[in-house]
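Have a look at the structure below, then the notes.
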Amino acid sequence: LALLTQSRSASGALVGGLWLLNILFVSIFASIAWLRPILLFPATLIIYPATHVPAADFTTYWLTTRFELLAGALILLALDWLLLRDTERLLKGATEE
C-alpha cells in the first residue's frame with residue numbers, strides 16, 4: 001500500500017482502518033464467504049472462546065483463510081517487486097515527502 005499510495009501514513013491509516021473494521025464487524029466478515037480471507041484474526045475473534053471447536057469450523061475459519069492470505073501475499077509480493085524496479089518513480093516520490 002505504501003508503494004501504491006506513495007505515502008507511509010496513508011497506508012498505515014488504511015491498514016489500521018481494516019483492522020478496526022475486522023474487530024467491529026467480525027460476525028459479518030465470518031458469515032460472508034468472500035470476506036473471510038480479509039478476516040485478520042480468526043483464531044482470536046472466532047475460535048478462541050470455544051473449547052471444543054469442530055474440525056469443519058477450524059478449517060473454514062482458520063486454515064483456508066490462511067492459505068488464501070498466503071496466496072494474496074505472493075501476488076502482492078510480485079506486484080511490489082515490479083513497483084520497486086521503477087527507480088524513477090521512487091526517486092520522484094522521495095523528493096516530495
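Heavy-atom basis, side chains included; hydrogens, waters and symmetry copies ignored.
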Would a single hydrophobic cluster contain both [Y] and [X], if residues Ile, Leu, Val, Met, Phe, Trp and Tyr are joined by side-chain heavy-atom contacts under 4.5 Å?
X: Leu70; Y: Leu77; answer: no
X: Leu18; Y: Ile28; answer: yes
X: Phe67; Y: Leu69; answer: no
X: Leu74; Y: Leu82; answer: no
X: Trp34; Y: Ile75; answer: no

Exercise. With the side chain counted from C-beta on, respond yes when Trp19 and Ile23 share a heavy-atom pair under 4.5 Å apart, and no when they do not.
Key: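 Trp19 vs Ile23: side chains touch.
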